[in-house]
Amino acid sequence: MSLETPFESFTLPNSSGYGCLMSPNRQIGIPVPLVEYKCRLGFYCPNTDLNKEETLPVICPPTPDCGRTRLLGGVCNVTQGLYEPQVCPAGYYCPDYKQKIKCPAGSFCITGSIEPKPCHALASCPEGTVSQTFYGGILLFALLDVLILISYLILKAKEIKLRNGSITATISSALNVLRFFKPKQKVNVAKSTAEGREDEVVVEDEVLVGEETSVDLLVDAFTRGLQNHKLSIGFKFQDLEFTLKNGIQILSGVTGEIGAGKMTAIMGPSGAGKTTFMNVLMGKVNRSSGKLFVNNVETEMHKFKKIIGFVAQEDILIQELTVRENILHSAKVRLPRSWTLKQKEEYVDNIIEALGLTAVAHNRIGDETSRGISGGQRKRVNIALELAGIPVAIFLDEPTSGLDSTAALQVASILRNLTNLGITIVSVIHQPRIEIFELFTDVLMIAPGGETAYLGPVSEAKAYFQRLGFEVQSISTSFSTIFVDVDADSIQFTESGNPADIMMDILSGKGKNPTRATVTSADLVKEWKNTSPMVDLDPTSADEEFIKIASSLTKERGATTLTQTYLCLMRSFSQQYATISGLYLELFVGTFAGVLMGLAAFNVKELYRGLLIWPYTQLSSTPISYTPALVALLMGITSALASAPSGVKVFGEEKLIFWRESAAGHSRFAYYMGKTLSTLPRIALSALHFSSMFYYLSQPVFGFAVLYGVIFMKFFGVYGLSSVISMVVARANGPLLAVVFSLFAAVFCGYGPTIRQAKSWNILFLWEISFNKWAAEILCKCSKYIRPYDLIYSTDITVGQYGYTINRNGVNFAVGFSIGVLLRVIAFVLLVFMNKSKQR
């Protein structure tokens, strides 16, 4: 029998063990055990005849060149003997041990194939292909990107049209602003005469006639929203005290009342406890002692938070949304469920017109870097958010701070107009100009130490301090008589000056009082206690009917949790539309990460090679079993870098929004679910871009759907972990820490340290709680990269090397996604239970 080799021809004896290249005529080949004489599936033995013993498979010693090639992980160019089995090579399939057929076009054949695998319809597979070049993912994400861009352009055109349409309303809106001054008062404050008597305090209203006032637009809605009840709310408080944990007392025995339907100012020097008093009154912080009465009924304010509004000092608005979108969302969430969508929209439009915001209704709020509306307009939008809930009272913390004098006067005029609707207005105010001060009905002055120095009508405040001996300086053209000389310690009232400024200085102990050498803030508090009328707390005057009606209104207010979830979802989509550049940047990063990963595996036709199955193990080249695991690790790293910063921004930049809405009675769960659900399309798109580019370039042997599912799971987990991070760290530190922790999760995929090592160290739980471990088990170890080679490689050895469990893809997906869900549950718990005081 002759043997054709690259070297020469030989004549072989008729017995087994001959035909090896090293020495064809010597019996140096090791016969394959009898049970395995037959060439196994996935192997090619063209010269074997099962009926002839001398042709049965043998294992031949390799030539030096072949041995070196195998040690370096390569495959020898030729078999080392006439009867030595060879693995069916890549690009071919071997239906039996006698046939080796080139893979036909439209199919691909990995090493050890016994039949060709058909290519996907959206893949390219020329003849002899080892793996398919799948471009379907690229076509899909390109199509989706174009559709998103077209949709964006259509919506943008509509937005521009709406905004341009709003410009035509600028003149009428400006006229509305002028109407804000309807209740403007001329106040002639009582003054001492030479004869020692006092002139009467006269308050005159200048009324604009012939036109509907701005608040009249809201009367019908308020009537319907309050179920035709004429509700007004007043507050009485007795000996309110608040002491910090370190023993410092902020409020001390504050007693008084805030009249229903009135506009009350809370004033005092810095650090006197103005904002603390408001927070205690509203129940945002627990008072140390004292009693609170609502319409003469002892109760707590938080029971009525759905019909009481609060405007914080900061402008807490969603900057990506327009003025109307912000207000409309508040209205849809807070108005009675019986109202139709049309009624809610009409009410919102009336609010916008009443507050002089028509011209900017479709303008975005904006921020420091993107142009938006003005500071005064922002403050009016904040007020509008509370009006959207048809409140019976609105509390405001320094609504005019940071505004110019004109804008501040507009805001104050709006607030005074709202009292015509029966709304009780309570506002902390700091050094108001005289026109603003005179718009208030009453004023509560808090002296340093958190005690009451005056509580009563604004029109009588100046006269009260005059009765205490503080002088009024005569009008003079002298510069020094008109302005205050602080250094001379001669602060006093002037006939044309701002009494609010002087009274603030008096509270600070700087007033000029000829009757006393010094008048401290403690003296002022003592004088008030001696002269102030007692607060009527007669239980027989309790308005129990109001409590019943208010409780009924509270129950009927607000959309259902499911509806609020939908509203928050749609609002989040609107935010993403407004920041579409951020979405495309995230998609670009995902695409770029996929390209980098794909290029790392480019032209590497097969990423896995194990030890050949017994009894052919001696023919094996050095295994390349680490590559799939390394791919899993690198995918975890790139997923972290591509998605962690975006995941932090979901909640990290909206904590103030959540706190404000939670305090107003919005559903915390609905807010969180709406935001979370809105991230799923974003995650899906990013994962699609990543996996499409990686799959196209690396051409793995498994299906695209499996890779996409794994990448989606990784992105889903990273977003969940980033949400947890965003709840516990400062906004500026969130992106960096989210990336760091996501990298830790990537390392715990099982590549190194392996699961076997983790078990020996008794820290396996760190791997078990990492979504990357479960993704890696699907992708690289036990199923998709390795299991296709079961016919030719000892895949169980590879599995045992890393410690993974085989054949449980369903469990892997279920656990991996469950970890992502669990991370979101943890984030929600942290969101709700951290900073609870800010949600009251």
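Note that this is a predicted model, so its numbers are computed, not measured. The figures that follow rest on heavy atoms only: side chains count, while hydrogens, waters and symmetry mates do not.
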Could you go through F310 and M278, starting from their C-alpha distance and side-chain angles, then the distance that decides it, and tell me whether this counts as side chain to side chain contact (heavy atoms under 4.5 Å, CB included)?
CA-CA 10 Å; F310 174 70; M278 177 179 285; 3.7 Å; yes
Can you check whether N835 reaches F833 side chain to side chain, under 4.5 Å on heavy atoms?
no
Where the side chain of T419 meets the backbone of R416, is there a donor-acceptor pair that is under 3.5 Å apart?
yes
Rounded at 0.5 Å granularity, tell me how far CG in N382 sits from CD1 in I365.
8.5 Å
For the pair H329 and E661, evaluate side chain to side chain contact (heavy atoms under 4.5 Å, CB included) and give the outcome as yes or no after the intermediate values.
CA-CA 11 Å; H329 177 83; E661 293 184 348; 4.1 Å; yes
pair F465-M445: side-chain heavy atoms closer than 4.5 Å
yes
Spell out, as yes or no, whether a donor-acceptor pair under 3.5 Å connects the side chain of K284 to the backbone of R840.
yes
Less than 4.5 Å apart, side chain to side chain, heavy atoms only: is that true for R668 and L831?
no
For the NZ atom on K262, are there more than 12 heavy atoms of other groups (residues, nucleotides or ligands in this structure) within a distance under 6.0 Å?
no
For K291, is there an ion pair with D239 - N to carboxylate O distance below 4.0 angstrom?
no
Out of V381, L656, I657, which one pairs with L317 under the side chain to side chain contact (heavy atoms under 4.5 Å, CB included) rule?
V381
Please assess E451 against W528 for the test side chain to side chain contact (heavy atoms under 4.5 Å, CB included), listing each intermediate value before the final yes or no.
CA-CA 10 Å; E451 299 181 274; W528 175 251; over 6 Å; no
With no hydrogens and no angle check, is any side-chain donor or acceptor of Q839 less than 3.5 Å from a backbone partner on M834?
yes
Hey, is R660 close enough to E386 for a salt bridge, meaning N to O under 4.0 Å?
no
Mind listing the closest non-hydrogen atom pair of H430 and M504 along with its distance?
ND1-CE, 4.2 Å
Donor-acceptor under 3.5 Å (K306 side chain, G665 main chain)
no
Step by step, would you call F222 with L387 a side chain to side chain contact (heavy atoms under 4.5 Å, CB included)?
CA-CA 10 Å; F222 264 73; L387 281 178; 4.1 Å; yes
With rounding to the nearest 0.5 angstrom, report the CD to CZ distance, E556 to R337.
7.5 Å
At what distance, to the nearest 0.5 angstrom, does NE2 of H229 lie from CD1 of I549?
4.5 Å
Quick one: does any side-chain atom of S413 pair with a main-chain N or O of L409 as donor and acceptor, under 3.5 Å?
yes
Nearest heavy-atom contact between F242 and L244 is CE2-CD2, 3.6 Å
May I ask you to test the L415-P399 pair for a side-chain heavy-atom distance under 4.5 Å?
yes
So do the side chains of V280 and L292 get within less than 4.5 Å of each other, counting heavy atoms only?
no
If you measure from OG on S252 to CG on L240, what distance do you get to the nearest 0.5 Å?
10.5 Å
Just by modelled atom types, is the G558 backbone N or O under 3.5 Å from a matching donor or acceptor in the Q564 side chain?
no
Taking every heavy atom of P457 against every heavy atom of D442, the minimum-distance pair comes out as CA-OD1, 3.2 Å
Can you tell me how the ring of F546 sits relative to the ring of F304, calling it parallel under 30°, perpendicular over 60° and tilted otherwise?
tilted
If you define the side chain from C-beta out and look only at heavy atoms, does anything of Q249 sit under 4.5 Å from S288?
no
Q377 side-chain N/O to S374 backbone N/O, donor-acceptor pair under 3.5 Å:
yes
Does the plane of the ring in F828 sit parallel, tilted or perpendicular to the ring in F669? Use 30° and 60° as the thresholds.
perpendicular
Taking N228's backbone N and O only, do any of them form a donor-acceptor pair with T223's side chain (distance below 3.5 Å, no angle check)?
no
T424 and G259: which non-hydrogen atoms are nearest, and at how many Å?
CG2-O, 3.6 Å
Which value, rounded to the nearest 0.5 Å, describes the distance between E300 atom CD and N286 atom CG?
8.5 Å
Separation between CD1 of I390 and CG of L553, rounded to the nearest 0.5 Å
9.5 Å
Is any side-chain heavy atom of F277 closer than 4.5 Å to a side-chain heavy atom of L281?
yes
Could you tell me whether the side chain of T400 and the main chain of A408 form a donor-acceptor pair under 3.5 Å?
no
Looking only at heavy atoms, what is the nearest atom pair of F440 and T264, with distance?
CD2-C, 3.7 Å
Under 4.5 Å between any side-chain heavy atoms of V294 and F235, yes or no?
yes
Between the main-chain N or O of D315 and the side-chain N or O of R378, is there a donor-acceptor pair closer than 3.5 Å?
no
Between P432 and N498, the two heavy atoms sitting closest are O-ND2, 2.7 Å
Taking the inter-plane angle between the rings of Y671 and F658 on a 0 to 90° scale, is it parallel (under 30°), tilted (30 to 60°) or perpendicular (over 60°)?
tilted
